[in-house]
Amino acid sequence: MRLSKYFLPTLKENPAEAQIVSHRLMLRAGMIRQTSAGIYTWLPLGFAVLRRIEQIVREEQEKAGAVELLMPTIQSADLWRETGRYDAYGPEMLRITDRHEREMLYGPTNEDMITDLFRQSVKSYRDLPLNLFHIQWKFRDEVRPRFGVMRGREFLMKDAYSFDVSAEAARRSYNRMFVSYLRTFERMGLTAIPMAAETGPIGGDLSHEFIILAETGESEVFLHSDLLALPAPGPEVSYDDDLAPVIRRWTDLYAATSDVHDAARFEAEVPEAKRMRARGIEVGQTFYFGTKYSKPMNAAVAMPDGTQAPIEGGSYGIGVSRLVGAIIEASHDDNGIVWPEPVAPFKVGLINLKSGDKDTDAACEDAYAKLTAAGVSVLYDDTDERAGGKFSNMDLIGLPWQLVIGPRGLKSGTVELKNRKSGERSEMTAEAALKKLTS
RNA sequence: CGGGGCGUAGCGCAGCCUGGUAGCGCAUCUGCUUUGGGAGCAGAGGGUCGGGUGUUCGAAUCACCCCGCCCCGACCA
């Protein structure tokens, strides 16, 4: 992508309304613009990151056996009445009346709808286990939206729903999602710790919040510090295996949000030197809720002996749009964002230090063409901005690599390659730089 | 929802107390000079001062009402 043909309205100054670093940087880097409280337009750069995160989530869900579909954002109130949640959910649910005076709502979550789909279509234990997910916009009318996309009213969420014939089987489904969450966050360069959590309006008796530690986090958490060093399961993990030992390794050590924190247990189980109290951002939550939805909605399947059994359910959310902010909270410096490569909107920022100079233009065009041909995503700053502005902007938007080409270096046959994260800069031939970026 | 704050050019702000020609920096546009970490000079454009009502000869400024946004707290992917 050539910057001259892109849409990247960056800001030099901090917008007054943005208090925390991810919100500030997202506005300044031209990733989002607010349209009203807690509601944002995703500009091209932000949208590119959102899609990369979404894709990682999708891939890891599919590896764990979940199947993607897409449910609507607008739902009928009738379904929610059936589960008793229409009244229970309260004013956070955005309620809408259509032209026929039918009561509708903008979905804050989809347990009711997916259970309805399930009961219409699945009748036999033979079709289970089943795990369906979608990645769709949600709306929760938060009392106080804040922190940019970290706590918006409209947000993109991946929600998966598992259906099983027994509590034991449901637990296996839960474990698969648990492991896939560890994998998902690991791939984004995040250390997410599963913690015992409250179940809230979703219900159920088993739940974990996946939390990344950050000073600006909204949750207070208590944990055994060894959890921070626990390696996530690798890409070779098999979801057909018994995953209980992995779960045990992650849940044996104490970790809880303040809602369910048990100070006595914390002190008994964790040696003093390992007791950690911190703040964190919740990026995902898993629930096992048994028959909470299947019973009131009559979602049952025929068992081998011919009897009907209500299905055992679980649901599993990941805040996809929140992750964009959370990753920035975890990865930035004074100059701007530092994208982990797997979620970066472009891998390389190509800086032409002197647009209009024949040799520099030619060298940049050549590098741009070769990188693009090799499948490397490049944002080529071909504008006639001054060099200083280009450097600052490129640091701000945080692409992992900067390839800097100017007349001075070309004279001695070199270009400069800068690693955004380490700040390390090295001069080398264009060939060497391209080789490094494409390998 | 309780408490606090803020709305003036695209962004950051001053002016308001004490009513009288709407200002500054950055950004934008034009020209010249510059050109390797947010350049200099000269010029230009851009505003229903969040909205309404009132007070007044006169309102960005005073009063009342409304709307929007932000922060702290209680609540949540």
Side-chain angles (χ1 to χ4, degrees), chain A residues 9-20 23-24 27-28 30 33-39 53 57 89-93 107-110 135-160 181 192 197-202 207-212 217-219 257-259 281-287 315-326 335-336 351-357 360 384-396 402 404-412 414-416 418 423 425 427:
Chain A
T10 56
L11 303 173
K12 222 181 217 182
E13 291 175 272
N14 287 322
E17 77 268 18
Q19 298 296 315
I20 67 166
H23 190 194
R24 262 202 316 267
L27 288 166
R28 285 194 51 206
R33 284 290 182 273
Q34 182 173 117
T35 62
S36 60
I39 304 179
I53 292 173
V57 170
Y89 215 92
E92 290 214 348
M93 188 151 73
T109 178
N110 285 63
I135 299 173
Q136 176 64 291
W137 292 92
K138 304 291 190 291
F139 195 93
R140 294 185 190 173
D141 200 358
E142 298 278 348
V143 200
R144 177 149 97 90
R146 66 190 119 161
F147 302 155
V149 300
M150 300 260 286
R151 179 74 173 266
R153 291 194 292 170
E154 186 182 60
F155 59 96
L156 186 61
M157 179 167 107
K158 184 284 299 180
D159 39 325
Y181 275 28
E198 274 194 328
T199 53
I202 309 285
S207 179
H208 289 91
E209 287 184 9
F210 286 71
I211 289 189
I212 64 172
E218 293 194 79
S219 322
T257 62
S258 57
D259 302 335
I281 301 165
E282 180 189 346
V283 289
Q285 187 165 10
T286 52
F287 300 91
S315 73
Y316 316 90
I318 289 181
V320 175
S321 49
R322 171 179 285 184
L323 272 166
V324 180
N335 296 323
I351 297 181
N352 182 331
L353 285 177
K354 194 167 183 179
S355 296
D357 177 80
T360 310
D384 45 20
E385 183 85 14
R386 303 170 61 81
K390 291 187 177 185
F391 285 126
S392 302
N393 245 322
M394 207 54 93
D395 280 351
L396 175 64
Q402 293 173 15
V404 183
I405 300 181
R408 192 177 297 173
L410 287 178
K411 234 174 257 173
S412 51
T414 62
V415 299
E416 184 182 289
K418 173 176 160 180
R425 294 186 280 192
E427 305 219 335

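Just so we're on the same page: letters track the sequence lines, and every chain starts at 1.
Between the side chain of A:Glu13 and the base of B:G25 there is at least one donor-acceptor pair of N/O atoms closer than 3.5 Å. Put simply, the side chain of A:Arg33 and the base of B:G10 share no donor and acceptor less than 3.5 Å apart. Interface remark: the A:Asp395 side chain does form a donor-acceptor pair with the B:G37 base, using a distance-only criterion of under 3.5 Å. For a distance-only test at 3.5 Å, the side chain of A:Arg151 qualifies as a donor-acceptor partner of the base of B:C76.
Taking the C1' atoms as reference points, B:G12 lies 27 Å from B:G19, given to the whole Å. Using atom P as the reference point in both B:A9 and B:U56, the two lie 30 Å apart (nearest Å). Look at the C1' atom in both B:G7 and B:U21: the space between them is 24 Å, to the nearest Å. Rounded to whole Å, the separation between the C1' atoms of B:U18 and B:C76 comes to 48 Å. Nucleotides B:U8 and B:C75 place their C1' atoms 35 Å apart, quoted to the nearest Å. Taking atom P on both nucleotides, B:U55 is separated from B:G10 by 32 Å, rounded to a whole Å. Spacing between B:U28 and B:G47 at atom C1', rounded to whole Å, works out to 15 Å. Using C1' as the reference atom, B:G25 and B:C71 are 26 Å apart when rounded to the nearest Å.
Side-chain contact between A:Ile53 and A:Lys158: absent, with no pair of heavy atoms (C-beta onward) separated by less than 4.5 Å. Here the side chains of A:Thr286 and A:Phe210 are in contact, with some heavy-atom distance below 4.5 Å.
In this structure, the nucleotide among B:G12, B:G36, B:C1 sitting nearest to the side chain of A:Pro15 is B:G12. Of the listed nucleotides (B:A39, B:G38, B:C70), B:G38 has the atom at the smallest distance from the side chain of A:Lys12.
At the heavy-atom level, A:Gly90 lies nowhere under 4.0 Å from the strands shown. Backbone-only contact: A:Gly388 has heavy atoms under 4.0 Å from sugar-phosphate atoms and none from a base. Residue-level contact check: A:Val320 touches neither bases nor backbone, having no heavy atom under 4.0 Å from any strand. Among the atoms of the strands shown, none is found under 4.0 Å from any heavy atom of A:Lys411. Using a 4.0 Å heavy-atom cutoff across all strands shown, A:Glu385 reaches at least one base atom of the nucleic acid. A:Lys354 comes within 4.0 angstrom of no nucleic acid atom, judged by non-hydrogen atoms across all strands. Residue contacts shown for A:Pro9 are absent, as no nucleic acid heavy atom lies under 4.0 Å away. Residue contacts for A:Gly406: at a heavy-atom cut-off of 4.0 Å it reaches a base atom on one of the strands shown. A:Ala16 comes within 4.0 angstrom of sugar-phosphate atoms only, judged by non-hydrogen atoms across all strands, and of no base.
Under a 3.5 Å cut-off, the side chain of A:Tyr181 and the backbone N or O of A:Gly317 do form a donor-acceptor pair. Of the possible donor and acceptor atoms, none in the side chain of A:Lys411 sits under 3.5 Å from a partner among the backbone N and O of A:Gly406. Between the side chain of A:Arg322 and the backbone N or O of A:Met150, at least one donor-acceptor pair lies under 3.5 Å. In this structure a side-chain-to-backbone donor-acceptor pair under 3.5 Å is missing from A:Arg140 to A:Met93.
For the pair A:Pro145 and A:Gln402, nearest-nucleotide mapping onto RNA chain B gives the more 5' position to A:Gln402. Between A:Glu427 and A:Glu142, the one whose closest nucleotide on RNA chain B sits nearer the 5' end is A:Glu427.
In a base pair of the Watson-Crick type (N1 to N3 plus N6-O4 or O6-N4) or a G-U wobble (N1-O2 and O6-N3), with each distance short of 3.5 Å, B:G31 is matched with B:C41. Remark: B:G58 base-pairs with no nucleotide; criterion is Watson-Crick or G-U wobble with both hydrogen-bond distances under 3.5 Å. For B:C17, there is no paired nucleotide, since no Watson-Crick or G-U wobble pair has both relevant distances below 3.5 Å. Nucleotide B:A63 forms a pair with B:U53, judged by Watson-Crick or G-U wobble geometry with both contacts under 3.5 Å. Look at B:G36: it lacks any Watson-Crick or wobble partner with both distances under 3.5 angstrom. A 3.5 Å limit on both hydrogen-bonding distances identifies B:C26 as the Watson-Crick or G-U partner of B:G10. Nucleotide B:G73 is matched to B:C1 when pairs are restricted to Watson-Crick or G-U wobble geometry with both distances under 3.5 angstrom.
Nearest heavy-atom pair, A:Arg28 versus A:Leu396, reported as atom, atom and distance to 0.1 Å: O-CD2, 3.5 Å.
When the P atom of B:C75 is taken as reference, atom CZ of A:Arg153 falls 20 Å away, rounded to whole Å. Atom CD in A:Glu218 sits about 11 Å away from atom C1' in B:A77, given to the nearest Å. Taking atom CD1 on A:Ile281 and atom P on B:A77, their separation rounds to 14 Å, with Å as the unit. Look at CG on A:Asp384: it is 18 Å from P on B:G38, rounded to the nearest Å. Distance A:Tyr316 OH to B:A77 P: 16 Å, rounded to the nearest Å. Here the P atom of nucleotide B:C71 and the NE2 atom of A:His23 are 8 Å apart, to the nearest Å. Between the CG atom of A:Leu11 and the C1' atom of B:G38 there is a distance of 14 Å, rounded to whole Å. Across the protein-nucleic acid pair, A:Glu92 atom CD and B:A77 atom P stand 9 Å apart, rounded to whole Å.
Note: A:Glu282 CD to A:Glu209 CD = 3.5 Å, rounded to the nearest 0.5 Å.
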